[in-house]
Amino acid sequence: QVLITGKASAKEAEGMASSLGGMHSVQADISLRAILCSNGHIIATGSGHAAKVHVSAETAGDQALAATAQKTGDTLIKKIIEDWNKQVNNGTSLVLTVKGVKTFKQKGAILAAVKAMSGVASVNERNWDGTSQVLVADVSYKGNPQGFCEKADGRAVAEGVTLAVAGQNGSDISMQIEVK
C-alpha cells in the first residue's frame, strides 16, 4: 500500500488582467510524496508547475492545479512502478530480530532455515549476541512482510526447535525460538 501526500497552491498573477483583456492568469504549484505504508519509506517525490488563463480567476486556478497535478501524478506513478518492480525483482527489505538464540550453532541453523524459505532472496546477519541471546538479520524477501511471517511462523530450525513470530511492525519482524 502506498500513501500519497502533498501540497498544492494556486495564485493569481497580479496586474496581468489588464494586459490580457480582462482574463486572469493563475499559476499553480504542487509537490507530492509517495510513502510505502509498510515501513514509512519515501519511494517517490515529484513537483510541478502550470499556469492557465481564463475569464474567471477561480476557473483558471482549477485548470492550473489540474494540469500540474496530471503531470506530477504521471511522473509519480512511473516512479512508484519502478520501485514496485525493483521490490518484485530484488525483494522487500525486512529487519528480522530473533530472541532466544543461545549458541553460535543455533544462530547458523536459524540463518540457514530463513535462507531456505521460498521467496527469500538474501539474508545478511547484522548482529548476534549470545549474552542477550538476540540475533538481528536483514532479509530481502520477494513478497510482503505478512507473507514472510506466514511462511516463517512454525518453521523448523532443528530437531524440536521452531521459529515463532512474536510481532510485526511494518518491515520489522520479531521472532523467538520455541523448543518442543
Side-chain angles (χ1 to χ4, degrees), residues 1-11 26-52 58 60-99 101 107 110-129 132 134-155 157 163-177:
Q1 293 179 342
V2 175
L3 173 67
I4 307 292
T5 65
K7 179 179 167 184
S9 63
K11 185 175 180 181
V26 178
Q27 298 184 22
D29 293 293
I30 192 168
S31 62
L32 299 173
R33 290 189 304 178
I35 303 168
L36 191 59
C37 292
S38 65
N39 61 13
H41 173 69
I42 297 173
I43 57 175
T45 61
S47 60
H49 174 82
K52 292 293 179 176
E58 186 175 325
D62 289 346
Q63 290 176 348
L65 284 168
T68 191
Q70 181 68 46
K71 288 190 285 185
T72 307
D74 289 347
T75 301
L76 205 63
I77 287 171
K78 287 178 187 174
K79 290 179 179 180
I80 291 169
I81 291 170
E82 286 172 10
D83 185 75
W84 181 77
N85 281 329
K86 186 174 132 186
Q87 287 183 38
V88 168
N89 293 328
N90 301 329
T92 302
S93 295
L94 306 173
V95 177
L96 177 64
T97 303
V98 184
K99 295 178 182 176
V101 184
K107 173 195 75 139
I110 292 166
L111 293 174
V114 172
K115 284 179 187 176
M117 288 173 46
S118 66
V120 172
S122 67
V123 177
N124 296 305
E125 179 184 341
R126 237 194 233 186
N127 184 34
W128 172 67
D129 180 13
S132 65
V134 175
L135 167 66
V136 181
D138 294 315
V139 177
S140 183
Y141 178 70
K142 294 183 181 182
N144 62 29
Q146 178 70 28
F148 177 85
C149 289
E150 289 170 3
K151 287 183 181 180
D153 195 41
R155 185 152 187 95
V157 174
L163 293 173
V165 175
Q168 176 197 351
N169 184 7
S171 60
D172 294 334
I173 298 168
S174 300
M175 301 186 87
Q176 59 192 28
I177 297 294

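Fair warning: this is a prediction, and the values are worked out from it, not measured in the lab.
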| message | Please find the pair of heavy atoms, one from Ala60 and one from Val26, that lie closest to each other, and give the distance. | response | CB-CG2, 3.6 Å

| query | How would you list all residue pairs meeting salt bridge (Lys or Arg N to Asp or Glu O under 4.0 Å) that involve residues 137-153, not counting sequence neighbours? | reply | Arg126-Asp138

| remark: Between Phe148 and Tyr141 the two heavy atoms that sit nearest each other are N-CE2, 3.5 Å

| said: Which residues pass the side chain to side chain donor-acceptor pair (under 3.5 Å) test with Thr5, not counting sequence neighbours? | reply: none

| Excluding sequence neighbours, so at least two apart, what forms side chain to side chain donor-acceptor pair (under 3.5 Å) with Asp129? | Ser132

Show me the donor-acceptor pairs within less than 3.5 Å that the side chains of residues 164-174 make with the rest of the protein, sequence neighbours left out.
unit_1	atom_1	unit_2	atom_2	d
Gln168	NE2	Gly170	O	3.3

| query | Do Leu3 and Leu36 pass the side-chain contact (heavy atoms from CB on, under 4.5 Å) test, and can you show the C-alpha distance, the side-chain angles, and the key distance before you say yes or no? | reply | CA-CA 6 Å; Leu3 173 67; Leu36 191 59; over 6 Å; no

| task | State the CG-CG distance between Leu135 and Asn127, to the nearest 0.5 angstrom. | result | 8.0 Å

| query | Got a second to check how far Gln1's CD is from Asn144's CG, nearest 0.5 Å? | reply | 9.5 Å

| said: When you compare the side chain of Val114 with that of Val139, does any pair of heavy atoms fall below 4.5 Å? | reply: yes

| message | Holding to side chain to side chain contact (heavy atoms under 4.5 Å, CB included), I want the full list of residues that pass it with Asp83, two or more places apart in sequence or in another chain. | response | Ile43, Gln87

| said: Measuring only between side-chain heavy atoms, which start at C-beta, is Val98 closer than 4.5 Å to Ile177? | reply: yes

| note | Closest non-hydrogen atoms of Thr68 and His49, given as atom of the first, atom of the second and distance, are OG1-N, 3.0 Å

| field | Atom CZ of Arg155 with >12 non-hydrogen neighbours under 6.0 angstrom | value | yes

| Side-chain heavy atoms of Asn124 within contact of Ser122, under 4.5 Å | yes

| Do the side chain of Thr45 and the main chain of Arg33 share a donor and acceptor less than 3.5 angstrom apart? | no

| remark: With sequence neighbours left out, the residues meeting side chain to side chain contact (heavy atoms under 4.5 Å, CB included) with Ser9 are Asp29

| said: What's the separation between atom NZ in Lys11 and atom CD in Gln27, rounded to the nearest 0.5 Å? | reply: 9.5 Å

| said: Determine whether Leu96 and Met175 satisfy the following criterion, side-chain contact (heavy atoms from CB on, under 4.5 Å), listing intermediate values before the conclusion. | reply: CA-CA 7 Å; Leu96 177 64; Met175 301 186 87; 3.4 Å; yes

| message | Quick test of your reading: applying salt bridge (Lys or Arg N to Asp or Glu O under 4.0 Å), list the pairs with at least one residue in residues 66-80, sequence neighbours left out, ordered by first then second residue. | response | none

| said: Walk me through whether Trp128 and Val134 qualify under side-chain contact (heavy atoms from CB on, under 4.5 Å). | reply: CA-CA 6 Å; Trp128 172 67; Val134 175; over 6 Å; no

| said: Measuring from atom CE of Met117 to atom CG of Leu163, what distance do you get when rounded to the nearest 0.5 angstrom? | reply: 8.5 Å

| remark: Residues passing the side chain to side chain contact (heavy atoms under 4.5 Å, CB included) test with Ile4, sequence neighbours excluded, are Val2, Leu32, Ala34, Leu76, Ile80

| Quick one: side chain to side chain contact (heavy atoms under 4.5 Å, CB included) partners of Lys52, sequence neighbours excluded? | Gln63, Ala64, Ala67

| query | Does the side-chain contact (heavy atoms from CB on, under 4.5 Å) test come out yes or no for Glu125 and Leu111, once each step is laid out? | reply | CA-CA 8 Å; Glu125 179 184 341; Leu111 293 174; 3.6 Å; yes

